[in-house]
Protein chains: 2
Amino acid sequence: MTLPDLIPSNIAPLIEHFKDYLPMDADDMAMLLPRVSERQIKRRQFILQEGDVCQHYNFVVRGCFKIYKVDEKGGEHNIQFVTENDWATDIGSFHAEKPSELYIEAIEPAHILQIKRPDLLFLYVNNPKFDRNFRVIIENKFVELQNRLLQSFCESATERYLKFLEQYPELSQRLPNTQIASYLGITPEFLSKIRKDLVSK
Amino acid sequence: MTLPDLIPSNIAPLIEHFKDYLPMDADDMAMLLPRVSERQIKRRQFILQEGDVCQHYNFVVRGCFKIYKVDEKGGEHNIQFVTENDWATDIGSFHAEKPSELYIEAIEPAHILQIKRPDLLFLYVNNPKFDRNFRVIIENKFVELQNRLLQSFCESATERYLKFLEQYPELSQRLPNTQIASYLGITPEFLSKIRKDLVSK
DNA sequence: AAAGAACCTTAACCTAGATTAAGGTTTTTA
DNA sequence: TAAAAACCTTAATCTAGGTTAAGGTTCTTT
């Protein structure tokens, strides 16, 4: 539980995150530590913009981000919210080193830990624990995304909204309804109507 | 390119698939070989049904599968087609050992290679190459799924259909339009209308 | 070779959710 | 602390795509 003294405590949440998957010994931490850098992000600040190559795996220590795409007509579509102890990255852009189609923007002031591409590759090549950890992390992300697709195919907007409230009760307090509507794939006006209809029942 | 004589050639496509990610030596193959079993699947046969726990990672050597969910009203929604040299598995059900919400059904007679859960876990624990390979495989699947979600959010049915034809020209020959419509998230009747409108332009 | 099943298309009508517009409230920023 | 920006709601109108129904065609199975 307590970390060796030589590990600065501000990277502790990331170490704890990895420990959810596999035990991390002092050597593993020593390998990770010099490859992680901290950053404070202001509200409305971007850590990725359309057209840029995603250069980092970003671990959120505190705060909240939205990952979204802007369509031809300028509409924003949230594909994911990322909060404490989760990763905010465009995996496709990161690995293929291709320009991203996505924006990643802080909805709240945030504190993140970043790992650069060459550093992550170093970790993969030199310590199989990182391959393992990220395999499992991405499996979980895949399942989350698949459930999202299934919901958007199989359920009405009202059902999706109710399940969102149930599944992310904390997020639904933290976020403005505009952002939730964008995540659900509907307009804020229609969400407003859904909320009225739910109350009147 | 040529495999050692002791490896039966009918597992060759899987070995080649792994070689796309990392070199495989004789020891790796010797570890893999006894943990893979072959199966012939008939058209319309299921390798996974709703309610069952997904027990295998299924590698498709030949044929085509659809992975779909059935909604409350009995409607089918294809989330993915799987053809040669790809994996047909419900990753969520497999790893959590929970009943699946999905069906995986052969659209064409198929030949698959299966790895059981305990065998895959053995490979993960005893040879880090498998963690690596499946990390990369799932990263790619994640990106594919994310693009699908983005398209369904940002584009009209007509645009989605045109991109499908472009991205999977071979599949669009192989599949009936009913199945393509279900993948695009529209009814066969509406796809028929889209096709008519496209021709008349 | 025939019967049944799956598939494709057209067309009339229907609905979930979008759009536009407007007024009020809360939050942010200068 | 005031102006600007973001947010929320309501209501009228509009539209992409669904539903129902029906007829024709092409596979599959016996």
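Computed from heavy atoms alone, side chains included, the values below leave out hydrogens, waters and symmetry copies. Note that the structure is a prediction, hence the values are computed from the model and not measured. Within every chain, numbering begins at 1; the chains are lettered A, B, ... in the order of the sequence lines, protein sequences first and strands thereafter.
Proximity of A/Arg43 to the phosphate of C/dT29: no side-chain N or O atom is located under 4.0 Å from OP1 or OP2. Within the structure, every side-chain polar atom (N or O) of A/Thr178 is placed at least 4.0 Å from both OP1 and OP2 of D/dA6. OP1 or OP2 of C/dT9 has at least one side-chain nitrogen or oxygen of B/Arg195 nearer than 4.0 Å. Look at B/Thr187 and you'll find a side-chain N or O under 4.0 angstrom from OP1 or OP2 of D/dG18.
Atom CG of A/Asp197 and atom P of C/dA16 are 11 Å apart (whole Å). In this entry the distance linking CG of A/Leu175 with C1' of D/dC8 reads 15 Å, nearest Å. Taking atom CD1 of residue A/Ile107 and atom C1' of nucleotide D/dC7, one finds them 14 Å apart after rounding to whole Å. Atoms CG (B/Leu191) and P (D/dG17) sit 12 Å apart, rounded to a whole Å. The interatomic distance linking B/Glu189 (CD) with C/dC14 (P) rounds to 17 Å, in whole Å. Whole-Å rounding puts the A/Lys193 NZ to D/dT9 C1' distance at 13 Å. When the C1' atom of C/dC7 is taken as reference, atom CZ of B/Arg44 falls 10 Å away, rounded to whole Å. The separation between B/Phe153 atom CZ and C/dA18 atom C1' is 15 Å, rounded to whole Å.
Taking the ring axis of A/Phe190 as reference, the NZ or CZ atom of A/Arg195 does not stay both within 45° of it and closer than 6.0 Å to the ring centre. Geometric assessment of A/Arg148 against the ring of A/Tyr183 yields a positive cation-pi assignment under the 6.0 Å and 45° thresholds. The cationic atom of A/Arg35 (NZ for Lys, CZ for Arg) lies less than 6.0 Å from the six-membered ring centre of A/Phe122 and within 45° of the ring axis. Annotation: cation-pi pair A/Arg135/B/Tyr124 present, NZ/CZ under 6.0 Å from the ring centroid and within 45° of its normal.
Here the nucleotide nearest the side chain of B/Pro176, chosen from D/dT28, C/dC8, D/dG17, is C/dC8. With D/dG17, C/dC8, D/dC8 as the candidates, the nucleotide lying closest to the side chain of A/Ser192 is D/dC8. Counting only heavy atoms from C-beta on, B/Ile186 has its side chain closest to D/dG17 among D/dG17, D/dT9, D/dC7. Closest approach to the A/Asn177 side chain among D/dC8, C/dA18, C/dC8 is made by D/dC8 (side chain taken as heavy atoms from C-beta onward). The side chain of B/Lys196 lies closest to C/dA11 when the candidates are C/dA11, C/dC8, D/dT9.
The distance from atom CD of B/Glu101 to atom CG of B/Leu48, rounded to the nearest 0.5 Å, is 11.0 Å.
Of the two residues contacting DNA chain C, namely B/Gln179 and B/Phe190, the nearest-nucleotide position lying further toward the 5' end is that of B/Gln179.
Nucleic acid contact class of A/Gly75 (heavy atoms, under 4.0 Å, all strands): none.
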